[in-house]
Amino acid sequence: MGDAISPRLHCSILGPLEVRVEDHRAVIGAPKQRLLLAILLCHANAVIPSEQLIDSLWGETPPRTARKNLQVYVSALRKIVGDRISFQGWGYRMRADREELDLLRFLELSRSGRSAVRSGDLPVAASQLGDAVSMWHERPLVEFRHVPLVAAEVGRFTELFLSVYEDWVELEIELGRHVETLGSLDVVAARFPARERIAAARMTALSRCGRTAEALSHFEGLRRHLAAEMGIDPSPLIRQLYQTILRCDGPPTRNPGPAAARPRSVRALANRLPRDVDDFAGREAEVRRVLEDPAPVTVITGGLGAGKTALAVHVAHLLASRYPDGAVVIPLRRHGVPQPAAGVQREILESVGLDVAGVREDDALASVWRSWLADRKVLLVLDDAPDEESVRTLLPGTTSSRVLVTSRSRLSGLDSVARIGLGDLSTSEGVEFLSRMIGRDRVAGDLPAVLRIFRRYGLSPLVLRLLGARLAGLWHLPLGPLAERLDRTENVLDEFAAGDVSLRRRFEESYAHPSWPHRAAFLALGALGGPVFGHEELVEALDGTGEPGERVVESLLEAGVLSISQTPADAEVAAHSLSYAMSPLAHRFAAELHAGPHAAPHGNRER
């Protein structure tokens, strides 16, 4: 890629695939090369895993050289589009903006037009939506209709086009341009005979042109088609339009059709993701799993500081372009206090313009929530979920949207979800993480000190981030003396703080609250010489905390306080050979809580 450049480019996928470079049409003759470009453009600015690309290019029996062939196709495409195609470690991404890809320009015009509708500027709205509609050509990417990865995206943006077209044509009729709209309505209504909004618009336009018989005939055609193809009747609202036209025997002065057939004041959720972490490092396998897994709900779990939210937000940025109706992080706790699901639903629904003030019952509000999500593609990140019920209430009723859930608990009661458990980073990931924060030369220059810190205090992303922030501020000191200082300090937890972020405060919010259900067991862990515990030792120590020790161990595993550090191959001796681990610094905090406020500090205590 070193010699690749980025020429002026325009790509079209809202019809046949076409690429223009410097205003000249590029010739891409190889079928698989064309297919690869079509896939990347359909998912512009998103990473497509190499395995998915290979599957789409060769099907179930790819050649042994498929990965190499894929690299050859990518190299050939880079000669045309420049360095816009990049490899991300597990897949490829085609970078494009709205001036370079007609789909992105279509989406921008659609958003602008609908914004003008909300502000009441209907002529501007009609103009912008009309510009979007004019970009559409019949049967986009028809040559690739047999490829599921392309067909699914074509189906998605065909639905987007139809909804924009419906908004536009209703505005045109409302503005008195019913004669002008009939030409396109005749074509679109014939191609999509089951779309009731399009049928209502054509009936209204025909009626306003004095062609009442044709308007009534169109309704009869719709009724026969729905009965034959779907076994259903037309909706009550379009039947009402039919009756209005029939009674008036002339053009209605205003379109009395379905309320859903008019531009609604509901705003798009839009992309509300917080910024991605620039120095995000590691978790490559986990990122691939989220991107590749088709499950509509993914649960990301791990102990405090494992980087659950950072991973979810990072992946959400990679997925966001696939969810045109918005992406948002919804915190399910605020200041450590769980948020009622109904309050979360009400806040989001009101933010998109829905009036739910009169909806009092939680069940009714949940129904409105699911109805709003039903015909949308939204990416929801439910952050720091306290329990299963808080998640279930917010899940969409359809699979068109995607949900990422983060929680310290494993939320084992949730079914039909993909699960990703986060532990500490590996040593190599920790070195990379710290190198991005304080510089590679500084880490490499005193690697033994860095590794000593890792062994003593663990490799959780939160610990490394706070450590990196402290080391960056002490840039004039070598790492060896800093590691020795950590070893000598009595209150080592207080060393892991940067600005307004403190590891001790995070521990206090999570573990020190009297009402936390695992507090007694956590205190008992502080009395042990961990942070790694044998099975029998652990069960014996936890037996006096209110429940049988075996059950308490299971509850601590569920809550993310403990993890299994070793699983023997022989299941018959598993109960006696298992060992459990917790974060070294979490164990120091547990030891402090166990000793009480007047005991000597435990920062120097060997484990």
Check: Asp384 side chain, Leu332 main-chain N or O, donor-acceptor pair, under 3.5 Å
no

Would Val378 and Leu373 satisfy side-chain contact (heavy atoms from CB on, under 4.5 Å), going step by step from the backbone distance to the final call?
CA-CA 7 Å; Val378 174; Leu373 286 172; 4.1 Å; yes

May I ask you to check whether Phe589 and His594 place their ring centers less than 6.0 Å from one another?
no

How about Glu550 and His535: does a side-chain donor come under 3.5 Å of a side-chain acceptor?
yes

Yes or no on side-chain hydrogen bond (donor to acceptor under 3.5 Å, both in side chains) for Ser163 and Arg114, after CA distance, side-chain angles and deciding distance?
CA-CA 11 Å; Ser163 68; Arg114 284 168 166 166; 3.1 Å; yes

Are any non-hydrogen side-chain atoms of Leu479 and Arg442 less than 4.5 angstrom apart?
yes

Run the side-chain contact (heavy atoms from CB on, under 4.5 Å) test on Leu525 and Val561 for me, step by step, so that the C-alpha distance in whole Å, both residues' side-chain angles and the decisive distance to 0.1 Å come before the verdict.
CA-CA 10 Å; Leu525 295 177; Val561 175; 4.0 Å; yes

So does Leu486 get a backbone contact from the side chain of Tyr457, meaning a donor-acceptor N/O pair under 3.5 Å?
yes

Determine the minimum heavy-atom distance between Glu537 and Gly534, stating which atoms define it.
OE1-N, 3.0 Å

Test: Arg289 and Glu286 ion pair at under 4.0 Å:
no

How about Phe533 and Tyr580: are their ring centroids closer than 6.0 Å?
no

Give me the atom names and distance for the closest heavy-atom approach of His317 to Asp276.
NE2-N, 3.4 Å

As a quick check of understanding, evaluate salt bridge (Lys or Arg N to Asp or Glu O under 4.0 Å) for Arg504 and Glu495, giving each step before the final call.
CA-CA 9 Å; Arg504 180 180 293 280; Glu495 295 292 326; over 6 Å; no

Ala306 versus Leu422, closest heavy-atom pair with distance
O-CD1, 3.8 Å

Looking only at side-chain N and O atoms, does Ser510 offer a donor or acceptor that is under 3.5 Å from a partner on Arg408?
yes

Verify whether one side chain among Thr406 and Asp383 offers a donor that lies under 3.5 Å from an acceptor in the other.
yes

Heavy-atom distance under 4.5 Å between the side chains of Arg452 and Glu484, does that happen here?
yes

Heavy-atom side-chain proximity of Val552 to Asp543 below 4.5 angstrom
no

Compute whether any side-chain donor of one residue and acceptor of the other, for Ser407 and Ser409, lie under 3.5 angstrom apart.
no

Find out whether Leu425 and Pro461 are in side-chain contact, i.e. whether some heavy atom of one side chain is under 4.5 Å from a heavy atom of the other.
yes

Side chains of Thr298 and Arg402 only: does a donor on one sit below 3.5 Å from an acceptor on the other?
yes

With a 4.5 Å heavy-atom cut-off, do Leu411 and Val299 have their side chains touching?
yes

Give the intermediate values and the outcome of side-chain contact (heavy atoms from CB on, under 4.5 Å) for residues Ile348 and Trp369.
CA-CA 9 Å; Ile348 297 294; Trp369 170 259; 3.7 Å; yes

Over 60° means perpendicular and under 30° means parallel, so classify the ring planes of Phe280 and His314, tilted if in between.
parallel

NE2/His518 to CG/Leu523 distance, rounded to the nearest 0.5 angstrom?
13.0 Å

Assess whether side-chain contact (heavy atoms from CB on, under 4.5 Å) is satisfied between Ser412 and Glu558, documenting all intermediate values.
CA-CA 8 Å; Ser412 298; Glu558 176 74 19; 2.7 Å; yes

Candidate pair Arg436 and Glu432, rule salt bridge (Lys or Arg N to Asp or Glu O under 4.0 Å), full reasoning
CA-CA 6 Å; Arg436 294 189 183 188; Glu432 175 65 19; 2.7 Å; yes

Enter the distance from Leu382:CG to Gln339:CD here, rounded to the nearest 0.5 Å.
13.0 Å

Under 3.5 Å, side chain of Lys308 to main-chain N/O of Gly303, donor-acceptor pair present?
yes

Can you find a side-chain donor-acceptor pair between Arg288 and Ser50 that sits under 3.5 Å?
no

Using a strict threshold of under 4.0 Å (side-chain N to carboxylate O), is an ion pair present between Glu51 and Arg67?
yes

Non-hydrogen side-chain atoms of Leu482 and Leu471 separated by less than 4.5 Å
yes

One pair to check against salt bridge (Lys or Arg N to Asp or Glu O under 4.0 Å): Lys377 and Asp325. What are the steps and the verdict?
CA-CA 5 Å; Lys377 295 193 72 172; Asp325 295 313; over 6 Å; no

Heavy-atom neighbours of Arg551 CZ exceed 12 at 6.0 Å
no

Taking every heavy atom of Asp293 against every heavy atom of Ala418, the minimum-distance pair comes out as OD2-CB, 3.5 Å

Run the salt-bridge test on Glu389 and Arg392 with the 4.0 Å N-O cut-off and return the result as yes or no.
yes

With no hydrogens and no angle check, is any side-chain donor or acceptor of Ser390 less than 3.5 Å from a backbone partner on Asp387?
yes

Working to the nearest 0.5 Å, report the span between OG of Ser321 and CZ of Arg93.
9.5 Å

Measure the CD1-CG distance between Ile48 and Leu291 for me, rounded to the nearest 0.5 Å.
8.5 Å

When rounded to the nearest 0.5 angstrom, what is the spacing between OG in Ser583 and CG in Asp424?
7.0 Å

Distance-minimising heavy-atom pair for Leu464 and Gly430:
CD1-CA, 3.8 Å

Interatomic distance, Arg465 atom CZ to Leu503 atom CG [nearest 0.5 angstrom]
14.0 Å

Looking at side-chain heavy atoms only, is the closest gap between Leu404 and Leu311 below 4.5 Å?
no

Grab the two heavy atoms, one from Leu273 and one from Ala320, that are nearest each other, plus how far apart they are.
CD1-CB, 4.3 Å

Pairwise side-chain contact, Thr489 with Asp494, heavy-atom cut-off 4.5 Å (strictly under)
no

Pair Arg95-Asp83, salt bridge (Lys or Arg N to Asp or Glu O under 4.0 Å): steps then yes or no
CA-CA 9 Å; Arg95 175 174 50 82; Asp83 62 359; 3.3 Å; yes

Could you tell me whether Glu347 and Arg334 have a side-chain N and a carboxylate O separated by less than 4.0 Å?
yes

